[in-house]
Amino acid sequence: MDLSSYYFCHSQISLKMNCWAPALVSKVPLNTQRNQTASLALREMKSDLLSQHIGGFGTKLSSGGSSLGGSRVIIQLNLQRRSSRVSACWLPSSEVASTAFTVGTAAVLPFYTIMVVAPKAELTRKAMKSSIPYIVLGLLYAYLLYLSWTPDTIQLMFASKYWLPELPGIAKMFSNEVTLASAWIHLLAIDLFAARQVYQDGLQNDIETRHSVSLCLLFCPVGILTHFITKALTSSHEERQRRTH
């Protein structure tokens, strides 16, 4: 190859390189820009997914957070959700109140039955001297009282400035089913105790107590009142008989 041909080829190669160089230079920023755009879109997608996952728990996470911080938040939220589920299992519910109501009512019915059906039987005398039903009812009441107790219980019971109960506060307190069930167990224990006192007083003074004991089951003050009336009428009748004879 002579010198003129060499210069000609060299000039052609230089010309082609000069033509390709701008294209190559323009392609590099374009690819870089595309990579940056894809990376930014991927980062935004991750941020949206993370915010949606945490948004279910009422928490918002900024898109600039690190993956380590995000995982830490998710772990804490999962632990809180598990702990809330565990604690919810021990909270009082309507099922607990309903069960206590049924068990307490069924526990006292046999004692009323024997006092009405066989008041002078030996089994009735021994059963009514026992303290077991009052112990059982007392434990059940204490358990329900523990479940229904809240920091506002004292304030609701003694809402007056004179530390006296008020009807609106008591009504609000008994809107809870567990509290209402504890009040029912409380009434069952007091009513049974009053019915036993009426029954034993009737045995000692030979007075009919079946109607009074029956009323003590649901209308305890009325049952006590009828017992006093029956006792007064019986005493006056016996006194008349003595005067007659």
Side-chain angles (χ1 to χ4, degrees), residues 92-149 153 156-157 164-165 167 169-171 173-245:
S93 62
S94 59
E95 185 176 355
V96 175
S98 178
T99 303
F101 180 89
T102 304
V103 171
T105 305
V108 300
L109 288 178
F111 296 96
Y112 284 96
T113 301
I114 60 178
M115 281 191 292
V116 173
V117 174
K120 296 183 179 181
E122 188 66 23
L123 175 63
T124 306
R125 296 173 184 267
K126 291 182 179 180
M128 298 316 300
K129 289 181 180 179
S130 175
S131 302
I132 294 177
Y134 307 102
I135 295 175
V136 173
L137 292 174
L139 292 175
L140 184 58
Y141 171 77
Y143 176 67
L144 292 174
L145 185 65
Y146 167 74
L147 291 181
S148 62
W149 192 269
T153 299
L156 291 174
M157 291 177 62
L164 295 175
L167 188 59
I170 299 299
M173 184 175 64
F174 284 111
S175 62
N176 185 359
E177 290 187 358
V178 180
T179 306
L180 189 60
S182 67
W184 178 251
I185 299 301
H186 178 277
L187 292 176
L188 289 178
I190 298 300
D191 293 352
L192 182 60
F193 185 83
R196 185 180 74 166
Q197 295 299 111
V198 169
Y199 166 76
Q200 291 178 348
D201 185 64
L203 289 179
Q204 293 177 0
N205 297 282
D206 195 18
I207 300 172
E208 180 61 45
T209 58
R210 297 182 183 183
H211 59 293
S212 300
V213 168
S214 299
L215 288 173
C216 285
L217 176 59
L218 295 177
F219 312 101
C220 186
V222 178
I224 296 173
L225 177 61
T226 56
H227 174 66
F228 287 142
I229 295 174
T230 303
K231 187 176 182 179
L233 294 176
T234 303
S235 299
S236 62
H237 179 69
E238 291 178 354
E239 186 176 354
R240 290 174 190 169
Q241 287 182 348
R242 290 176 183 175
R243 289 178 181 178
T244 304
H245 295 290

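Index from 1, following the sequence. This structure is a prediction, so every number in the text was calculated from the model and none was measured.
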Quiz item: Can you tell me if S98 uses its side chain to pair, donor with acceptor, with the backbone of S94 under 3.5 Å?
Solution: no
Quiz item: More than 12 non-hydrogen atoms from neighbouring residues, nucleotides or ligands closer than 6.0 Å to OH on Y112, yes or no?
Solution: yes
Exercise. Mind listing the closest non-hydrogen atom pair of L144 and A100 along with its distance?
Key: CD1-CB, 3.6 Å
Quiz prompt | P133 side chain near V108 side chain, heavy-atom distance below 4.5 Å | solution = no
Exercise. Provide the closest heavy-atom pair for I114 versus A127 in the form atom of the first, atom of the second, distance.
Key: CD1-CB, 3.7 Å
Quiz item: Are W184 and T105 linked by a side-chain donor-acceptor pair shorter than 3.5 Å?
Solution: yes
Quiz item: Do the side chain of N205 and the main chain of D201 share a donor and acceptor less than 3.5 angstrom apart?
Solution: yes
Practice problem: Check whether any side-chain N or O of Y199 sits under 3.5 Å from a backbone N or O of P119 as a donor-acceptor pair, and report yes or no. | Solution: yes
Quiz item: Any idea which heavy atoms bring P110 and A107 closest together, and the distance?
Solution: CD-O, 3.5 Å
Practice problem: For T124 and K120, indicate whether the former's side chain and the latter's backbone hold a donor-acceptor pair under 3.5 Å. | Solution: no
Exercise. Flag yes if more than 12 heavy atoms outside Y134 fall under 6.0 Å of its OH atom; otherwise flag no.
Key: yes
Quiz item: Considering residues, nucleotides and ligands other than F174, do more than 12 of their heavy atoms fall under 6.0 Å from its CZ?
Solution: yes
Quiz item: Do you know the tightest heavy-atom contact between L215 and G223?
Solution: CB-CA, 3.6 Å
Self-check item: M115 vs V198, side chain to side chain contact (heavy atoms under 4.5 Å, CB included): CA-CA, chis, key distance, verdict
Solution: CA-CA 10 Å; M115 281 191 292; V198 169; over 6 Å; no
Quiz item: How far apart are the C-alpha atoms of H211 and V116, what are their side-chain angles, what is the distance that settles it, and do they pass the side chain to side chain contact (heavy atoms under 4.5 Å, CB included) test?
Solution: CA-CA 8 Å; H211 59 293; V116 173; over 6 Å; no
Practice problem: Give a yes or no on whether I132 atom CD1 has more than 12 heavy-atom contacts from other residues, nucleotides or ligands under 6.0 Å away. | Solution: no
Quiz prompt | Whether E208 side chain and R210 backbone form a donor-acceptor pair below 3.5 Å | solution = yes
Quiz item: Of the non-hydrogen atoms in V213 and A195, which two are nearest, and what is the gap between them?
Solution: CG2-O, 4.0 Å
Practice problem: Output the distance between atom CG (L137) and atom CG (D191), rounded to the nearest 0.5 Å. | Solution: 10.5 Å
Self-check item: Minimum heavy-atom distance M128-R196, with the two atoms named
Solution: O-CD, 2.6 Å
Self-check item: Backbone of T209 reached by a side-chain donor or acceptor of S212 within 3.5 Å
Solution: no
Quiz item: Nearest 0.5 Å, what's the CG-CG distance between L218 and L188?
Solution: 9.0 Å
Quiz prompt | Inter-residue atom distance H186.NE2 - L180.CG, 0.5 Å rounding | solution = 13.5 Å
Quiz item: At what distance, to the nearest 0.5 angstrom, does OG of S148 lie from CD of E177?
Solution: 12.0 Å
Self-check item: Point-to-point distance, once rounded to the nearest 0.5 Å, from CG of L187 to OG of S182
Solution: 9.5 Å
Quiz item: Out of curiosity, I207 CD1 to L233 CG, how far, rounded to the nearest 0.5 Å?
Solution: 10.0 Å
